[in-house]
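One structure below.
Keep in mind that what you see is a predicted model, and the values were worked out from it rather than measured.
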Amino acid sequence: MSQKEIELILIRQLASYLAMAVFLVDADGNLIFYNEPAERILGHRFDETGEMPAREWATAWMPTDKAGKPVPPEGLPLWISLHEHRVATSRFWIRGLDNVPRYIEVVAFPLLGQGDRHLGAVSLLWEADHA
C-alpha cells in the first residue's frame with residue numbers, strides 16, 4: 001500500500017485478521033481492501049479484484065433493493081458514511097462476482113484520524129435473512 005495514511009494501513013492489517021467481512025475505502029472513496037470473509041460474500045478474491053474507484057465498486061456487485069430496483073451509489077451505506085461522515089446501515093441484494101445473488105446487511109462508519117482528518121470509511125457486511 002504505497003502512500004496511504006498509517007491509519008488505513010493499520011485498519012487493513014487488522015481487517016486481514018478478523019473473521020467478519022470488512023470492506024475499506026480511502027478518503028476519495030477508492031476501494032483499498034476487503035478481507036477473506038468479504039471475498040466469500042463478494043464472490044471474488046481481493047488479489048484478483050484489486051483497488052478500484054468508488055463509482056466502479058458501487059456498481060460492480062449490482063446492488064438492488066428487495067423489489068429488484070437498482071440501488072444508486074448514493075444509497076449505499078459505505079457511500080453515505082464516506083460523504084456524510086455518519087454511520088449508515090442497510091439491507092440489499094448483490095450479485096457476487098461469482099454470479100451468485102446474496103442478500104446482505106451492511107453497517108458502515110466513517111474513519112476519522114487525529115485532528116479530525118477524514119481518512120475514508122469501513123463497512124462490515126454479512127449475509128442476512130431475506131424473509
Side-chain angles (χ1 to χ4, degrees):
M1 286 180 57
S2 62
Q3 304 301 314
K4 302 288 186 210
E5 298 281 352
I6 186 67
E7 295 92 340
L8 293 177
I9 294 168
L10 293 172
I11 289 174
R12 178 181 173 150
Q13 185 69 23
L14 173 63
S16 71
Y17 289 102
L18 295 176
M20 60 181 48
V22 178
F23 192 99
L24 174 64
V25 299
D26 66 17
D28 294 324
N30 299 312
L31 167 64
I32 58 174
F33 183 69
Y34 57 84
N35 65 1
E36 188 175 328
E39 291 175 347
R40 289 190 289 275
I41 295 170
L42 300 173
H44 213 61
R45 292 176 35 90
F46 177 75
D47 290 344
E48 298 166 349
T49 305
E51 296 186 9
M52 66 177 75
R55 285 282 173 190
E56 189 175 331
W57 66 252
T59 58
W61 288 274
M62 299 181 282
T64 59
D65 63 18
K66 280 190 172 184
K69 181 181 173 189
V71 177
E74 298 79 16
L76 297 172
L78 191 58
W79 192 278
I80 293 167
S81 289
L82 184 65
H83 295 284
E84 297 179 19
H85 302 214
R86 65 179 178 88
V87 174
T89 185
S90 184
R91 289 180 174 203
F92 50 90
W93 285 94
I94 62 166
R95 180 161 301 278
L97 297 178
D98 57 359
N99 210 31
V100 174
R102 294 178 178 90
Y103 190 64
I104 64 170
E105 185 164 0
V106 177
V107 174
F109 55 91
L111 293 173
L112 298 174
Q114 293 180 351
D116 287 331
R117 290 178 303 124
H118 179 61
L119 301 170
V122 172
S123 65
L124 307 176
L125 52 141
W126 57 92
E127 289 193 65
D129 237 353
H130 55 81

Check against side-chain contact (heavy atoms from CB on, under 4.5 Å), Asn30 and Glu51: CA-CA 7 Å; Asn30 299 312; Glu51 296 186 9; 5.7 Å; no

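- The only member of Asp26, Leu82, Leu24, Val25 that meets side-chain contact (heavy atoms from CB on, under 4.5 Å) when paired with Leu111 is Leu24.
- Between Phe23 and Tyr34, the two ring planes are parallel [angle under 30°; tilted spans 30° to 60°].
- Side-chain contact check for Phe33 versus Ile11: every heavy-atom pair is 4.5 Å or farther apart.
- Hydrophobic clustering, with ILVMFWY side chains joined whenever heavy atoms are under 4.5 angstrom apart, keeps Phe109 apart from Leu112.
- The structure places CD of Gln13 at 10.0 Å from CD1 of Ile6, a figure rounded to the nearest 0.5 Å.
- Side-chain atoms of Arg95 do not come within 3.5 Å of backbone N or O of Met62 as any donor-acceptor pair.
- The shortest heavy-atom contact between Val87 and Val107 is CG1-CG1, 4.4 Å.
- Leu124 and Leu119 fall within the same hydrophobic cluster, where Ile, Leu, Val, Met, Phe, Trp and Tyr residues are linked whenever their side-chain heavy atoms come under 4.5 Å apart, directly or through other members.
- Heavy-atom minimum distance, Leu18 versus Pro37: O-CG, 3.6 Å.
- Listed for the Trp79 side chain is no donor-acceptor partner under 3.5 Å among the backbone atoms of Gly29.
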Full working for side-chain contact (heavy atoms from CB on, under 4.5 Å) between Ile104 and Phe92: CA-CA 6 Å; Ile104 64 170; Phe92 50 90; 3.8 Å; yes

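- Side chain of Arg55 to backbone of Pro73: no donor-acceptor contact under 3.5 angstrom is found.
- Rounding to the nearest 0.5 angstrom, the gap separating the OG atom in Ser90 from the CD1 atom in Ile80 is 7.5 Å.
- Side-chain atoms of Trp61 come within 3.5 Å of backbone N or O of Leu42 as a donor-acceptor pair.
- Thr89 places a side-chain N or O within donor-acceptor distance of the main-chain N or O of Val106, the cut-off being under 3.5 Å.
- Considering CD of Glu74 and NE2 of His83, their distance stands at 8.0 Å, rounded to 0.5 Å.
- Although no hydrogens or angles enter the test, the distance criterion places a donor-acceptor pair under 3.5 Å between the side chain of Ser81 and the main chain of Ala108.
- Summarising the geometry of Thr49 relative to His44, their closest heavy-atom pair is OG1-CD2, 3.0 Å, with the distance given to 0.1 Å.
- When atom types are taken as modelled, the side chain of Asn35 and the backbone of Met20 share a donor-acceptor pair closer than 3.5 angstrom.
- A continuous path of ILVMFWY side-chain contacts below 4.5 Å connects Ile41 to Leu31, so both sit in one hydrophobic cluster.
- Sorted by first and then second residue, the salt bridge (charged side-chain N to carboxylate O under 4.0 Å, His left out) pairs with a member in residues 111-122 read Glu5-Arg117, Glu7-Arg117; sequence neighbours excluded.
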